[in-house]
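Being a predicted model, the structure only gives us computed values, none of them experimental.
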Amino acid sequence: RKRTRRKRRGTKGIHQHFESFLSFGSLSTVVLGIFVVFYVLFLLGLRPLLSESEAQTLGESLEALPAPGERVVEVASRLRAKFRILRKESGVSEEDLFNEAAKEHDMNRKVRPQK
């Protein structure tokens, strides 16, 4: 009995090289190189922020800050003092402000009766 050779289907000699899957031209290589350079510069810029000693000094400086409530009290007391000075300079007293507020409240009540 004679053996017959069967023809293989498909293409002969499939190239299994990296070049057949992805080829870099000169433009692609330049763009990739520029990206790598900027990425390295970016990492070098972040290096001080990522170092451990900087994180420790940042934590220490945050502990030295006053509590948020204390800061609010300081700012509020300064604003009150400024308002007192402004009222004295303009000649407006506490009684005048109270009377103005009472008049405005009465006007609002007349315009919008309560249910």
Side-chain angles (χ1 to χ4, degrees):
R1 188 172 185 194
K2 277 187 171 177
R3 288 188 180 180
T4 58
R5 288 188 177 180
R6 293 183 184 176
K7 290 186 178 180
R8 286 187 175 180
R9 294 182 184 175
T11 60
K12 280 189 174 182
I14 296 175
H15 299 290
Q16 294 183 351
H17 299 287
F18 179 73
E19 303 151 353
S20 63
F21 295 106
L22 185 64
S23 62
F24 284 109
S26 61
L27 180 64
S28 312
T29 307
V30 169
V31 169
L32 184 63
I34 291 171
F35 172 77
V36 168
V37 167
F38 278 108
Y39 188 72
V40 168
L41 288 175
F42 178 74
L43 289 179
L44 288 175
L46 284 181
R47 188 172 173 222
L49 296 175
L50 298 176
S51 68
E52 193 172 318
S53 62
E54 288 288 326
Q56 289 173 351
T57 57
L58 178 63
E60 291 168 0
S61 64
L62 288 177
E63 290 173 1
L65 288 175
E70 294 174 9
R71 179 78 176 139
V72 170
V73 170
E74 284 180 38
V75 171
S77 62
R78 278 193 239 138
L79 284 174
R80 268 189 241 119
K82 285 182 183 179
F83 281 131
R84 270 190 240 120
I85 292 169
L86 286 173
R87 282 192 301 218
K88 286 180 183 178
E89 289 175 355
S90 63
V92 178
S93 66
E94 292 281 333
E95 190 176 328
D96 293 338
L97 290 174
F98 181 77
N99 290 338
E100 280 292 320
K103 286 180 190 176
E104 189 174 327
H105 181 69
D106 290 340
M107 290 293 285
N108 286 339
R109 229 183 207 179
K110 289 178 185 175
V111 171
R112 186 183 57 160
Q114 290 186 354
K115 295 178 182 177

When rounded to the nearest 0.5 angstrom, what distance separates [atom1] in [X] from [atom2] in [Y]?
{"X": "Phe83", "Y": "Leu97", "atom1": "CZ", "atom2": "CG", "answer": "11.0 Å"}
{"X": "His105", "Y": "Phe98", "atom1": "NE2", "atom2": "CZ", "answer": "10.0 Å"}
{"X": "Leu46", "Y": "Leu41", "atom1": "CG", "atom2": "CG", "answer": "11.5 Å"}

Could you go step by step and tell me if Asn108 and Glu104 meet the side-chain contact (heavy atoms from CB on, under 4.5 Å) rule?
CA-CA 6 Å; Asn108 286 339; Glu104 189 174 327; 4.2 Å; yes
Applying side chain to side chain donor-acceptor pair (under 3.5 Å) to Asn99 and not counting sequence neighbours gives none
Check: Going only through I, L, V, M, F, W and Y residues with side-chain contacts under 4.5 Å, is there a path from Val31 to Tyr39?
Finding: no
